[in-house]
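A, B, ... follow the sequence lines: proteins, then strands. Residue 1 opens every chain.
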There are 2 protein chains.
Amino acid sequence: MTKCSHDRKNIDIDSLNERVRKAGMKLTQQRSQLLKILLHHPEPISADEIFKKIDDKSDGMDLVTIYRILKKFEEGGLVSRLEFGDGVARFELTLESGHHHHHVICRHCQRVEPLHICDLDQHIKMVEAMGYKQVAHRLDFFGVCSRCQ
Amino acid sequence: MTKCSHDRKNIDIDSLNERVRKAGMKLTQQRSQLLKILLHHPEPISADEIFKKIDDKSDGMDLVTIYRILKKFEEGGLVSRLEFGDGVARFELTLESGHHHHHVICRHCQRVEPLHICDLDQHIKMVEAMGYKQVAHRLDFFGVCSRCQ
DNA sequence: CTAAATGCAAATCTTTTGCACAACC
DNA sequence: GGTTGTGCAAAAGATTTGCATTTAG
């Protein structure tokens, strides 16, 4: 039902690296390392989680650097910042060409699953009718997943 | 178009106080003061904004107390916690009996406007079909409001 | 009276900033 | 070579916790 893993396979490190350069950023060892982690992580991941993943491999990269790269990548449109309400920002690769999805978050285990439907045209039209331009939206579902019930 | 101010008038301090007691909490001076502020504030408001409102009147209540009350109120279902992505949690009174609304946030001035339509039945059914129980959702729109364009 | 709530101080957690050094193009 | 990025230390901002004192019921 979800196309997540399928989509993910269509992104490779090379095209990501190219997107870094296209955005006018230098491609450092740290940045490609971070891209690899994002690419292979199935769910939105926080700066600290990334840091711990790297730390385990005694292959240092500073937490500060992670924050800075994530901010740069967000500005460059490579990653999207998500907040699910627990005070920690999580990040995921922005898929190409307007691919757009939402999230289902388990209230119990915090696991995140993507939801690949989005039919909010009438909502968006209404917001535009209220006078807003450049309307974007965020839609998340919270529930208790089958494993946690 | 929005029913916000209308709905708000239908809530009075007395019924709020009653909800505090029903939730098994003591009704302190600080709590009813906080309720009044929430009642008369048209948009979701942060703990610090509440603190400053009170501070202006030289009528002290500790910031810590505000955080503690808001957490209690959230547990008791009196207020809803919202996060719009700037790292600050904002709160609003939970309107009674399933009244449900969303938000339109101006990317420029951060002003929040309520949106009183919600027609996501098919989305919710889909999430339930994925195995989730107790499905709730959050939908926010971001745009540039007419004043800021 | 007694459990619950508050105030104050200090801690914690996430994220940001300053500055010297290193790396990419 | 010069701009851009990184590491380290320290700061900043939001939120939480410990503990003694106060207050609602």
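Separating the CD1 atom of Ile66(A) from the P atom of dT16(C) is a distance of 13 Å, rounded to the nearest angstrom. When the P atom of dT15(D) is taken as reference, atom CD1 of Ile50(B) falls 11 Å away, rounded to whole Å. A straight line from CG of Leu82(B) to C1' of dA14(D) spans 16 Å, rounded to a whole angstrom. The separation between Leu27(A) atom CG and dG5(D) atom C1' is 12 Å, rounded to whole Å. Rounded to an integer number of Å, the gap from Asp48(A) CG to dT15(C) C1' is 11 Å. Glu83(A) places its CD atom 11 Å from the P atom of dT15(D), with the value rounded to the nearest Å. As a whole-Å value, the separation of Tyr67(A) OH from dT15(C) P is 3 Å. When rounded to the nearest whole Å, the span between CZ of Phe73(A) and C1' of dT4(D) equals 14 Å.
Each salt bridge (Lys or Arg N to Asp or Glu O under 4.0 Å) pair with one or both residues in residues 26-39 of chain B, not counting sequence neighbours, would appear here, but there are none. Residue pairs meeting the salt bridge (Lys or Arg N to Asp or Glu O under 4.0 Å) criterion with at least one partner in residues 136-149 of chain A, sequence neighbours excluded, are Arg138(A)-Asp140(B), Asp140(A)-Arg138(B).
When side chains are defined from C-beta on, His102(B) counts as touching His137(B), because their heavy atoms get closer than 4.5 Å.
The two atoms that bring Thr94(B) and Arg19(B) nearest to each other are O-NH2, 3.0 Å, heavy atoms only.
Residue order along DNA chain D, read from the 5' end via each residue's closest nucleotide, puts Leu63(B) first among Gln29(B) and Leu63(B).
Here Asp62(B) pairs with nothing under the salt bridge (Lys or Arg N to Asp or Glu O under 4.0 Å) rule; sequence neighbours left out. Residues satisfying the side-chain contact (heavy atoms from CB on, under 4.5 Å) test with Val144(B), not counting sequence neighbours, are Gln134(A), Arg107(B), Cys148(B), Gln149(B). Glu83(A) meets the salt bridge (Lys or Arg N to Asp or Glu O under 4.0 Å) test with Arg81(A); sequence neighbours excluded. Remark: Val20(B) engages Met25(B), Leu27(B), Leu35(B), Phe73(B), Leu78(B) in a side-chain contact (heavy atoms from CB on, under 4.5 Å) (not counting sequence neighbours). In terms of the side-chain contact (heavy atoms from CB on, under 4.5 Å) criterion, residue partners of Glu18(B) (sequence neighbours excluded) are, by chain and number, Lys22(B).
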Between N or O atoms, less than 3.5 Å apart, protein on one side and nucleotides 1-5 of chain C on the other: list the pairs.
{"residue": "dA3(C)", "atom": "N3", "partner": "Lys26(B)", "partner atom": "NZ", "Å": "3.1"}
{"residue": "dA4(C)", "atom": "O4'", "partner": "Lys26(B)", "partner atom": "NZ", "Å": "3.3"}
{"residue": "dA5(C)", "atom": "OP1", "partner": "Arg31(B)", "partner atom": "NH1", "Å": "2.8"}
{"residue": "dA5(C)", "atom": "OP1", "partner": "Arg31(B)", "partner atom": "NH2", "Å": "3.2"}
{"residue": "dA5(C)", "atom": "O5'", "partner": "Arg31(B)", "partner atom": "NH2", "Å": "3.4"}

At a cut-off of 3.5 Å, list every protein nitrogen or oxygen paired with a nitrogen or oxygen from nucleotides 8-13 of chain D, distance to 0.1 Å.
{"residue": "dC8(D)", "atom": "N4", "partner": "Arg68(A)", "partner atom": "NH2", "Å": "3.4"}

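Between Lys71(B) and the phosphate of dT15(D), there is no side-chain N or O to OP1/OP2 separation shorter than 4.0 Å.
Cluster note: Val112(A) groups with Leu82(A), Phe84(A), Ile105(A), Phe142(A) through ILVMFWY side-chain heavy atoms spaced under 4.5 Å, whether in direct contact or through intervening members.
Five base pairs at each end of the helix from dC1(C)-dG25(D) to dC25(C)-dG1(D) define two local axes, and these are offset by 40° (rounded to 10°).
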List, one per line, each side-chain donor-acceptor pair under 3.5 Å for residues 119-129 of chain A, sequence neighbours excluded.
none

